[in-house]
Amino acid sequence: MKISPLVKPLLGVVALPGDKSMSHRALMFASLCQSASEIRHFGQGADNQATVQCLRALGVRIDVTGEDSYILPPAHFTSPRAPLDCMNSGTTMRLLMGLLAGQNIHATLIGDESLSRRPMSRVVEPLAQFGAQIKTERNHAPIEIFSHPLHAANVSLKEPSAQVKSSVMLAALFAENESTVVEPEQTRDHSERMMQAFGFPVRRDSKRVHVGSLKKRPEGFSFWVPADVSSAAFWVVLATLVPGSDVTIIDVGLNPTRLGFVDVLKRMGASIEMIVRGKSGGETWGDLRVRAVSKLLATNLVGHEARLAIDEIVVLAVAMAFAQGRSCIAGVQDLRHKESDRIESTAAMLRAAQINVEVKPDGLVIDGGRPQRAHIDAHGDHRIALAAAVLACAGSGAEIDGFDSASVSYGNFLPDVRRLSETSDHRGHAITVAIDGPAGAGKSTVARLLSQRLGYVYVDTGAIYRALAWLALREGIAMDDREALTRVAKNLDVRFESTAGQQRVLCGDEDVTTLIRTPQISQLASVVSQHPDVRQALLDLQRRLAGNGGAVLEGRDIGTVVFPSAQAKFFLDAAPHERARRRYDQLGGDKAAYEEVLRELSDRDQRDKSREAAPLKIAVDAVCLDSTALDVAQVVNEIERRVRAKERL
Ligand code: C5P
């Protein structure tokens, strides 16, 4: 694969595949439930496929439609007829060892050549403490697991490893009593968070993880997998390095144990904003907005911090190759046992680009400089392939042998880079964009991202009605007192301020951003917005905030009443259950709340559609988009494409 250096900035929004680690775990946890589960936005890479195939061979029914999967667990696993092929996936092999140790079955796990070279004793030893009977081929695959009852154990792991910890936790569920696991230092905690959220008997105190015996299997769950933050790291480094870039990576998993690389890059001078947007299965997710900086400074990445960023080390090494000064990475000897010996393959990659690198037993010393055109071998390692692509795009280009391995985690990287690079093609004149639609259709998320991409002002007109309702409530004005409401509306002073990627709503001198988002204010806003005089009084304010072109407005009557002459109009809709689910995910609420959210949305829709003044309806010249089956990036891309076309008219 030949890659040329980028000559244009990267601009826009990227949506990434679901997180690999969380997808593996969600599949295994679902296979231990007593009823069906649904996993959406599921990792598409070959590694996750390996877990799917192995679980199917154990009797789990898994139906996959695109990025969604439906998992129907069996009452008991059955001994597979053939060896379970974990292919290239270390997580599949190590977690399955724990999962299968106490299942009363006999199974053999095999892997491809590279996986078969990876050491397994670090998993076998702690599992043996539960009485597990596991045979290896001199510490390597093939691995044979025999049926044997497990007893509880208090395990102290010798080395920090999230895979080993998770494997032990899975085995502990099938021991007779409560077990504990102590790790020498904190590792990724997806298993703890997810198992707890899905109802498994797991809890963590400051020192150890407690895992109870699984007396009753939990009910199935519905889990939306946040995007893979380790894949996001390639974008974060690339957008930091390519001059003029401004990229927002959306819906990314923001688990704190995965974000070490963000701190490291910030320390080097990168501009990265993190915006939390919701929670799923105990995991926080949101956006990362990255803007290019003119220079990066060298840094040292050692010990615990380095180990927590283990999957991002290769791309961090690329950032260090562009930084001013000497950077050190130490304490990551584990890198030698990944898909390749990543210490050696990273060094070889950087040396090929004429960067001075010293190899240590547990890390690298990198002298930053100007990477030159290089010929790089990916060594069958997806992270080397992707990091080499970043190096090539941001530096002087490269020829990469074995780039195909990128598909293990992120096969679409180069097409995505091309798309965001082309977005920055010549601009036309700024126009007014109207986005209308019912509550929860995704208008505000889409309008915000679109305005960032276009460099437009974003006017959230719903926030204006909300601010009015909030002020009326505070001043004790009845919601049916038209005169008083109109008076307040005429003098309403609402402004928007954008800081750190967040839109803040100011009413007079007060920041009402969160105060106006309560369910009570949602309902009251839709009541005050019924009055024709109130709507009339707010027209001026909305038009003033939008100015003369270069604005994205979202609401209910933008294309029909506020800006009937808007050059680009969209009506964004989605099925009610999907809109309610999005709101509910955003609120990170509990199960009971879902019905309430659905009811609240239907009430408001009904009022907004049936009112006399400026009811919610589709403008004749609006483009209708049903986002039920689309993700945010798809909607933003579609709208942006049309707006760009109009800008050039
Ligand atoms: O969009 P959001 O949910 O914040 O809007 C709150 C309420 O404000 C809506 O339910 C609707 O009744 C009202 N609204 C409106 N016209 C707009 C924007 C919002 O009537 N342009």
Side-chain angles (χ1 to χ4, degrees), residues 432-448 450-451 458-473 479-480 482 485-486 488-489 492 494 496 502-505 507 512-546 551-564 566 569-574 576 579-580 582-584 586-587 596-619 622 627:
T432 302
V433 181
I435 304 179
D436 289 306
K443 299 189 301 295
S444 53
T445 310
V446 167
R448 183 178 44 77
L450 184 74
S451 63
Y458 162 40
V459 184
D460 171 2
T461 64
I464 298 175
Y465 287 95
R466 286 170 182 271
L468 174 64
W470 172 81
L471 206 57
L473 184 69
M479 298 298 151
D480 56 359
R482 289 169 64 149
L485 286 172
T486 308
V488 178
L492 192 67
V494 171
F496 298 103
Q502 289 276 44
Q503 172 113 296
R504 310 219 58 87
V505 187
C507 183
V512 296
T513 316
T514 47
L515 300 175
I516 59 169
R517 296 284 155 202
T518 64
Q520 185 194 17
I521 296 292
S522 297
Q523 291 297 344
L524 294 180
S526 93
V527 174
V528 298
S529 68
Q530 307 283 303
H531 305 305
D533 301 345
V534 168
R535 301 197 72 86
Q536 186 64 32
L538 290 177
L539 275 182
D540 234 22
L541 174 62
Q542 296 176 69
R543 291 178 181 153
R544 228 178 324 114
L545 287 169
V552 179
L553 294 95
E554 53 102 354
R556 305 293 189 287
D557 60 344
I558 308 301
T560 49
V561 177
V562 183
F563 275 104
K569 296 182 189 174
F570 301 90
F571 192 89
L572 195 56
D573 205 348
R579 294 192 277 119
R582 289 177 191 167
R583 264 291 143 85
Y584 162 81
Q586 236 171 20
L587 298 170
E596 230 170 87
V597 172
L598 186 60
R599 202 167 340 103
E600 189 251 330
L601 285 189
S602 324
D603 284 359
R604 282 211 282 150
D605 286 353
Q606 195 46 39
R607 262 200 300 269
D608 292 346
K609 280 185 195 154
S610 59
R611 69 180 171 221
E612 263 173 51
L616 171 66
K617 63 173 187 216
I618 306 175
S627 71

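Atoms within each ligand, like the ligands themselves, are counted from 1 in listed order.
The Asp557 neighbourhood of ligand 1 comprises atoms 16 (N), 17 (C), 21 (N), with distances under 4.0 Å to a heavy atom of that residue. Short contacts between ligand 1 and Arg604, defined as distances under 4.0 Å to a heavy atom of the residue, involve ligand atoms 2 (P), 3 (O), 5 (O), 6 (C), 7 (C), 9 (C), 10 (O). The distance from ligand 1 to the heavy atoms of Gly462 drops below 4.0 Å at these ligand atoms: 1 (O), 2 (P), 4 (O), 5 (O), 18 (C), 19 (C).
Rounding to the nearest 0.5 angstrom, the gap separating the CG atom in Leu616 from the OG atom in Ser526 is 11.5 Å. Rounding to the nearest 0.5 Å places OH of Tyr465 at 13.5 Å from CD1 of Ile516. In this structure, CG in Leu553 is found 10.5 Å from CZ in Arg543, a value given to the nearest 0.5 Å.
Of the protein's non-hydrogen atoms, the one nearest atom 4 (O) of ligand 1 is Arg466 NE, 2.6 Å. Atom 9 (C) of ligand 1 has its closest protein heavy atom at Arg556 NH2, 3.2 Å. Residue, atom and distance of the protein heavy atom nearest to atom 8 (O) of ligand 1 are Tyr465 CB, 3.6 Å. In this structure, atom 16 (N) of ligand 1 lies nearest to the protein heavy atom Arg535 NH2, 2.9 Å. Scanning the protein heavy atoms around atom 18 (C) of ligand 1, the nearest turns out to be Thr461 OG1, 3.4 Å. Nearest protein heavy-atom contact of atom 12 (O) of ligand 1 is Asp608 OD1, 2.6 Å. Looking from atom 13 (C) of ligand 1 to the surrounding protein, the closest heavy atom is Ser529 OG, 3.7 Å.
Between Arg611 and ligand 1, a contact under 3.5 Å exists for at least one N or O pair. Close N/O approach between Glu554 and ligand 1 is not found [any backbone or side-chain N/O within under 3.5 Å].
Here the side chains of Arg604 and Arg556 are in contact, with some heavy-atom distance below 4.5 Å.
Note on Asp460 versus Arg517: salt bridge recorded, some NZ/NE/NH1/NH2 to OD/OE distance being below 4.0 Å.
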Take His531 and Thr486 through the side chain to side chain contact (heavy atoms under 4.5 Å, CB included) test and state the conclusion after the steps.
-> CA-CA 9 Å; His531 305 305; Thr486 308; 5.7 Å; no
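The two residues Ala580 and Leu598 come nearest to each other via the heavy atoms CB-CD1, 3.5 Å. Met479 approaches Ala472 most closely through the heavy-atom pair CE-CB, 3.8 Å.
Residue-environment remark: CD (Gln536) stays at or below the threshold of 12 foreign heavy atoms within 6.0 Å.
With a 4.0 Å cut-off on non-hydrogen atoms, Lys609 does not touch ligand 1 at all.
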